[in-house]
Protein chains: 2
Amino acid sequence: MDPKRFLPLTPAVFQILLTLADGERHGYGIVREVEQRSEGRAHLGLGTLYSTIKRLLAEGLVEQSQWRLDPALDDERRRYYRLSELGRRAAVAEAERLVELVADARAKKLLAAPEVQG
Amino acid sequence: MDPKRFLPLTPAVFQILLTLADGERHGYGIVREVEQRSEGRAHLGLGTLYSTIKRLLAEGLVEQSQWRLDPALDDERRRYYRLSELGRRAAVAEAERLVELVADARAKKLLAAPEVQG
DNA sequence: CCCTAATGTATCCGCAGTGATTATATCCAC
DNA sequence: GTGGATATAATCACTGCGGATACATTAGGG
């Protein structure tokens, strides 16, 4: 299964996969992490979140998980999700695509060249 | 006028602005350059191209130009476009946003850290 | 306790962007 | 002069986005 067939990922999809890349999260928690990580520059609407997750589950990029926080701290309503292997490879492929885009932007002098690039 | 109000740019819009960043182009020529620069990985449909350019003109990110190639080599039908100052700043802002996304992807270990980064 | 706000999941629906298709015309090579 | 590539443009169905809404639960303050 070639992850490139999902490219380009939409901003919403990439933000969700990115958020799940280092651990499981529940829906609402994803929205808050995106908000925090981007310092408010990226926003994920609730309508987008749940419809997108539904699609990602159907496509097999994301899986539902039984993972639970310490019950004392957790909330029964939460549904946790994790990246599938395919989802991870799709996220990597998208990240590589973005690296190319940035390189193109540098080639077009929209960005300064990095000070040092090994 | 804050270019950030246009973010995030859609893939089609960014590809068009990127193409115009180092010189004037006509519509069909933009499609071909995108195809070539990405080595076929990015594709810009004709329907997308012309409707998007129309919108970009209305938003003032792109301007029509009187520029002409040597008449012997040029084609009367062509309409040339160039980046406006606002368009350039929007493209830069988008490129910077992509740099942040790539950094996020590195932080989440989706990509290896760059070998050297000054 | 109760009230409110925040948390949490979920659906609905209008809107915007995409891109295939179609139409039309011109350019160029043979 | 015929055919295929070039070129612009409008139409149209499809998808993704995100605000609005609904509803239930949880947390905290008075």
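Protein chains get the first letters and strands the later ones, always in sequence-line order, with residue 1 at the start of each.
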Within residues 24-31 of chain A, those residues having any heavy atom closer than 4.0 Å to DNA chain D are none
Near DNA chain D, which residues from residues 9-21 of chain A have a heavy atom under 4.0 Å away?
-> A/Thr10, A/Ala12
Among pairs that include at least one residue of residues 23-55 of chain A, which meet ring pair (Phe, Tyr, Trp, His ring centres under 6.0 Å), considering only residues two or more places apart or in two chains?
-> A/His26-A/Tyr80
Listed partners of B/Glu59 passing salt bridge (Lys or Arg N to Asp or Glu O under 4.0 Å), at least two apart | none
By side-chain hydrogen bond (donor to acceptor under 3.5 Å, both in side chains), A/Arg32 pairs with (sequence neighbours left out) none
With heavy atoms under 4.0 Å as the rule, sort A/Thr52 into base, sugar-phosphate or nothing.
-> sugar-phosphate
Salt bridge (Lys or Arg N to Asp or Glu O under 4.0 Å): which pairs involve residues 11-29 of chain A, sequence neighbours left out?
-> A/Asp22-A/Arg25, A/Asp22-B/Lys108, A/Glu24-A/Arg82, A/Arg25-A/Glu33
With sequence neighbours left out, which residue pairs that include part of residues 1-16 of chain A fulfil the side-chain hydrogen bond (donor to acceptor under 3.5 Å, both in side chains) condition?
-> A/Gln15-A/Arg37
How would you give the extent of chain B contacts on DNA chain C, as first and last nucleotide 5' to 3' within a 4.0 Å heavy-atom cut-off?
-> C/dG17 to C/dC27
Taking only residues two or more places apart in sequence or in another chain, which ones pass side-chain contact (heavy atoms from CB on, under 4.5 Å) with B/Pro8?
-> B/Glu94, B/Arg97
Across all chains, not counting sequence neighbours, the side-chain contact (heavy atoms from CB on, under 4.5 Å) partners of B/Arg89 are B/Pro3, B/Glu85, B/Leu86
Out of curiosity, does A/Trp67 fall in the hydrophobic cluster containing A/Ile30 (side-chain heavy atoms, cut-off under 4.5 Å, transitive links)?
-> no
Kindly state which residues belonging to residues 54-62 of chain A come within less than 4.0 angstrom of DNA chain C, counting heavy atoms of the residue only, listed by number.
-> A/Lys54
From the 5' end of DNA chain D to its 3' end, which nucleotides mark the outer limits of contact with chain B, defined by a 4.0 Å heavy-atom distance cut-off (strictly under)?
-> D/dT6 to D/dA10
Within a strict 4.5 Å, meaning less than it, do heavy atoms of the B/Leu17 and B/Val62 side chains meet?
-> yes
Closest to the 5' end of DNA chain D, once A/Glu76 and A/Leu49 are matched to their nearest nucleotides, is A/Leu49
